[in-house]
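Inspection log for the structure reproduced underneath, given as structure tokens.
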Amino acid sequence: MRKITMRGPEASLDEIEGVYRARAVQFERVAAAIVRDREAARDVVQDAFATVVRKRGGFARRGSVDAWIWRTVVDTALNRLKTDRRQTQGRLAQHNPVDDQVESPSDARLADELARLPKRQRLVVFLRYYADLDYEAIGVALGISPGTVASTLNGVHSALRRLLDEEGQP
Amino acid sequence: MTDRDVRLARALDRLTPALPEYHHDWQDVLGRAQSRGHGLSRPSRRVAIGVAVAVVAAAVGVALGVTTPWESGSRFLEAKVLGRAEAALALPSGTVLHMKLEDSYKDLGRPTTITTELWLNHHGEFRGFVHEPIVGRVEIGGTQDLRRSVEYDPRANAIGPGLVGGTFYAFGDDVRVLRRELARGAATADGETTIDGRDVVRIRLKRVGADCKPVVDYLYVDPKTYYPVEYRVIDFASRSGTKPHTTYYRIPAVRRFQTFERLPATPANLRLTSIEEMHPSAKVYPPVSTRPALPPCASPR
């Protein structure tokens, strides 16, 4: 019999399912921040995990399973953004908050400022604040070094300084 | 956290608040995974072998001690050997082929042995068990032409590709491949020898490998029944992410046929060839083609 096997220390289904059950809320939140659509975000998460399940044999354990899954979720969300560009560009241009809540002027400004940030800065922000990942995990998820993550976040803080200082006003 | 961190987190929280909970649907994830086309890429591996293959092949020849070169020029005798070997590999209707195989190879220097027990019917459907050190015992099934290759997951009571332990098994059928190779004239009878003290006839099979270079495999058959005894074959593993013609590396493997017998095609024996019939209550994922894309240079396997 000819056999093609994928062997090695691949991520097990149990391991992947464990991450899915423990952190789906965070995955969904980051995906929502990227695609600006709650329903699409859930679809992104489900699709991303399907990809992870399919490709688990190729996981080489050069980082944690979590970071690898984060990378897949971010890639899937960015791809969704690309393929749905016509619709999502409209949403991004309006910078609506993801939920249908009344947007305050300061939130609208923050959304504007975020939209102006380069893609990498935005992704670092989402992974830092929505997923609560440390610099190393963000680095693995985005394929950059922890030092670059730190300097990117510094850049974000500088870019948003005025707005954040206002946020601190009573 | 600095003050700015806190402020930014607070503002971001308003923009994209966390959902109170996520409606988990793991079955949906598995369903999506099954319904997409399966890439059969192997895990990334270090490139192995190269010139070592020739050394290994030579060493194998010495170890086997090929004692009696086949009489050259005896075309009739050679045709008879190849014809009988081909006939011995047939899957006649009314029978179920039962095989126990042991595969041994070194991948990246790590010796590995996989044992397999299979039942095949004359339509080319099979079911069986694979036992390998990492994943353990996996029940597999499908068709020998690789159009379908599935596993049974006892925990989920489900049948589908790649369900167990992250290992994807796609079984083709060496029996069918060998028959074709013998029929197409690429084989030569190559003398008699012994393996573990047992007399065998050696058949040399030439083909083009996945790395676009010639490959020579050896099939050893019983001199009386012409049933296969051992198959020394060059397997190929690939690295993902590189150009197709550079992705394959060679893994010399030894496949021992510990059992090769034909059983009568009774309803009970035929049932052994169908994974669905053995698990009638299992959820069956929609069939997907699991036939791996052939590398540009490889002989069809």
Side-chain angles (χ1 to χ4, degrees), chain A residues 1-13 16-17 20-21 24-30 32-33 36 38 42 45-47 49-60 97-99 101 103-104 106-107 110-111 114 125-126 128-130 156-157 160-161 163-168, chain B residues 3-5 7-19 21-26 28-33 36 38-45 99 101 103 107 112 114 116 118 130 132 134-135 144 146 162-175 177 240 255 292 301:
Chain A
M1 299 301 275
R2 169 74 47 228
K3 126 169 95 258
I4 297 168
T5 58
M6 297 204 304
R7 298 177 299 270
E10 56 257 334
S12 72
L13 269 185
I16 296 165
E17 187 179 354
Y20 172 78
R21 296 205 178 277
V25 168
Q26 289 154 298
F27 288 120
E28 190 275 344
R29 198 178 184 195
V30 170
R36 311 298 300 164
R38 231 64 239 212
R42 187 175 191 283
V45 173
Q46 295 293 106
D47 266 353
F49 271 89
T51 302
V52 166
V53 167
R54 280 203 316 276
K55 296 188 173 175
R56 66 194 185 278
F59 174 56
V98 174
D99 276 9
Q101 60 183 28
E103 189 183 3
S104 72
S106 64
D107 288 346
L110 175 65
L114 281 174
V125 166
F126 295 156
R128 182 78 186 102
Y129 294 97
Y130 288 147
V156 171
H157 288 161
L160 303 178
R161 184 169 40 198
L163 202 138
L164 294 177
D165 288 344
E166 282 174 20
E167 177 84 14
Chain B
D3 274 356
R4 274 198 192 129
D5 267 327
R7 286 174 214 152
L8 182 53
R10 205 162 51 203
L12 287 166
D13 202 35
R14 289 197 302 272
L15 281 185
T16 311
L19 292 177
E21 62 180 28
Y22 186 88
H23 173 60
H24 295 101
D25 189 347
W26 185 243
D28 174 57
V29 169
L30 294 179
R32 289 175 191 226
R36 306 274 154 83
H38 264 266
L40 283 178
S41 62
R42 284 180 177 240
S44 301
R45 298 162 190 264
M99 290 190 291
L101 312 169
D103 288 358
D107 191 5
T112 305
I114 298 177
T116 309
L118 290 162
V130 181
E132 73 159 64
I134 294 171
V135 180
Q144 64 178 149
L146 291 179
L163 292 181
V164 186
T167 296
F168 196 106
Y169 295 90
F171 276 80
D173 181 7
D174 279 342
V175 171
V177 170
S240 53
R255 194 155 298 150
R301 302 293 293 160

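Note that the coordinates shown come from a computational prediction; the quantities given were computed from them, not determined experimentally. Labels below follow one simple rule: chain letters A, B, ... track the order of the sequence lines, proteins then strands, and each chain is numbered from 1.
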Subject >> Euclidean distance, B/Leu12 CG relative to A/Arg128 CZ, rounded to 0.5 Å >> reply: 12.0 Å
Subject >> Gap separating the OG1 atom of B/Thr16 from the CZ atom of A/Arg36, nearest 0.5 angstrom >> reply: 4.5 Å
Original post:
What's the shortest heavy-atom distance between A/Gln46 and B/Asp25, and which atoms?
Top reply: NE2-O, 3.1 Å
Original post:
Which heavy-atom pair separates B/His24 from A/Arg21 by the least distance, and what is that distance?
Top reply: NE2-O, 3.3 Å
Original post:
Relative to chain B, which segment of A/Val156 carries a heavy atom at a distance below 4.5 Å: side chain, backbone, both, or neither?
Top reply: side chain
Subject >> Side chain, backbone, both or neither of A/Phe27 within contact of chain B (heavy atoms, under 4.5 Å) >> reply: neither
Original post:
According to the interplanar angle, ranging from 0 to 90°, do the rings of A/Tyr20 and B/Trp26 count as parallel (below 30°), tilted (30 to 60°) or perpendicular (above 60°)?
Top reply: tilted
Original post:
Between A/Leu114 and B/Leu15, does a side chain to side chain contact (heavy atoms under 4.5 Å, CB included) hold up when you go through it step by step?
Top reply: CA-CA 11 Å; A/Leu114 281 174; B/Leu15 281 185; 3.6 Å; yes
**OP:** Could you give me the CA-CA distance, side-chain angles and deciding distance for A/Val45 and B/Tyr22, then say whether side chain to side chain contact (heavy atoms under 4.5 Å, CB included) is met?
**Re:** CA-CA 10 Å; A/Val45 173; B/Tyr22 186 88; 3.4 Å; yes
Original post:
B/Val29 and side-chain contact (heavy atoms from CB on, under 4.5 Å): which partner among A/Thr51, A/Asp47, A/Val52, A/Val53?
Top reply: A/Val53
